[in-house]
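Input: a single structure, listed below in structure tokens.
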Amino acid sequence: LFVPVGDGTMASVDLGSGATSRLALPADVTAHPVAVLEGRLIAETTTTRGTQRGGLAAWDLATGQPIWQTAMPDGSKPFSNRVSWASETPFPDSPLSTTVVTGPILRLATFSGDNYTGSLRTVDVASGTLGEPQKWVLGEGPGTASVTVEKVLPTGLAISFDNSYAMFL
């Protein structure tokens with residue numbers, strides 16, 4: 001079992017013995033576990049120094065050692081709460097991203113208020129490499145868009161972008 005700890009680190013808990021250990025994090029980030037895929041723990045990361053930026057990182061389950069880390073696209077940051085309902089505003093030049101895990105596939109959804117767009121990319125679990133984005137226009141201005149993560153499910157992600165709705169599978 002992997003859990004976020006109040007200080008922004010992550011802990012591993014052996015359910016058989018109750019033993020716990022902390023996972024080594026990249027410098028100056030907090031992490032939130034999102035999936036276990038292909039023998040790796042995947043987490044969203046957020047920088048703790050300077051302008052807040054998001055990323056993804058992976059650890060080997062057998063050793064607990066970090067394998068890779070990658071930045072989220074366009075300097076985006078993660079939603080503040082990805083596991084339950086969250087409504088946030090992607091201000092100009094400040095997009096938001098969240099992971100979408102469907103079965104063995106890891107994707108990254110990014111939303112931009114600059115041009116009311118959303119994009120979806122695959123993430124290579126072995127290397128952290130981001131695939132080419134599939135992009136959609138989700139609405140029209142003027143004004144500042146509001147993005148709501150309506151529901152995160154094992155089968156996808158339901159979001160609303162102002163009054164438009166989308167489901168990423």
Side-chain angles (χ1 to χ4, degrees), residues 1-15 19-102 104-114 117-133 145-149 151-154 156-157 159 168:
L1 174 68
F2 298 95
V3 294
V5 181
D7 64 0
T9 61
M10 289 190 308
S12 170
V13 180
D14 182 316
L15 296 178
T20 63
S21 62
R22 297 275 175 125
L23 296 176
L25 296 181
D28 301 321
V29 301
T30 60
H32 183 89
V34 295
V36 173
L37 297 167
E38 299 179 17
R40 293 167 173 82
L41 169 66
I42 311 296
E44 290 181 353
T45 61
T46 305
T47 57
T48 58
R49 290 184 163 205
T51 301
Q52 194 178 53
R53 296 287 185 239
L56 296 172
W59 290 261
D60 182 282
L61 289 180
T63 65
Q65 294 302 305
I67 300 171
W68 54 258
Q69 75 177 63
T70 189
M72 287 184 173
D74 306 322
S76 62
K77 65 179 183 177
F79 279 81
S80 59
N81 183 359
R82 74 161 302 281
V83 295
S84 62
W85 185 87
S87 183
E88 297 189 42
T89 301
F91 289 104
D93 299 320
S94 184
L96 297 167
S97 290
T98 190
T99 51
V100 181
V101 181
T102 51
I105 301 170
L106 177 64
R107 294 184 180 100
L108 189 63
T110 302
F111 306 97
S112 173
D114 296 335
T117 60
S119 67
L120 191 64
R121 306 166 191 259
T122 57
V123 180
D124 183 302
V125 175
S127 68
T129 303
L130 300 178
E132 289 299 316
S146 176
V147 178
T148 303
V149 174
K151 194 82 167 169
V152 178
L153 302 165
L157 170 74
I159 61 107
F168 293 103

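The figures that follow rest on heavy atoms only: side chains count, while hydrogens, waters and symmetry mates do not.
Checked by atom type and distance alone, the side chain of D74 never pairs as donor or acceptor with a backbone atom of S76 at under 3.5 Å.
G54 approaches P78 most closely through the heavy-atom pair CA-CD, 3.5 Å. Nearest approach of W59 to G64, heavy atoms of both residues: CD1-O, 3.4 Å. In this structure, L37 and P104 approach most closely via the heavy-atom pair CD2-CA, 3.9 Å. The two residues S127 and D124 come nearest to each other via the heavy atoms N-OD1, 3.0 Å.
Here the rule is side chain to side chain contact (heavy atoms under 4.5 Å, CB included) with L41, and of L23, V34, D60 only L23 fits it. Here the options are T122, V123, V100, the test is side chain to side chain contact (heavy atoms under 4.5 Å, CB included), and the partner is L106; only V123 passes.
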Handout entry: Stepwise side chain to side chain contact (heavy atoms under 4.5 Å, CB included) check, M72 with L108
Key = CA-CA 8 Å; M72 287 184 173; L108 189 63; 4.1 Å; yes
Handout entry: Chi angles and distances behind the side chain to side chain contact (heavy atoms under 4.5 Å, CB included) call for T48, T30
Key = CA-CA 7 Å; T48 58; T30 60; 3.6 Å; yes
Exercise for the section: I would like to know whether K77 and L96 meet side chain to side chain contact (heavy atoms under 4.5 Å, CB included); could you show each step before the answer? Expected result: CA-CA 5 Å; K77 65 179 183 177; L96 297 167; 3.8 Å; yes
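Here the side chains of R121 and P73 are in contact, with some heavy-atom distance below 4.5 Å. Residues I67 and R40 form a side-chain contact, since some pair of their non-hydrogen atoms from C-beta on lies under 4.5 Å apart. Residues E44 and L56 are in side-chain contact: their nearest non-hydrogen atoms beyond the backbone lie under 4.5 Å apart. Put simply, the side chain of V36 reaches to within 4.5 Å of the side chain of L61, judged on heavy atoms.
S97 contributes atom OG, which lies 15.0 Å from atom CZ of R107 (distance to the nearest 0.5 angstrom).
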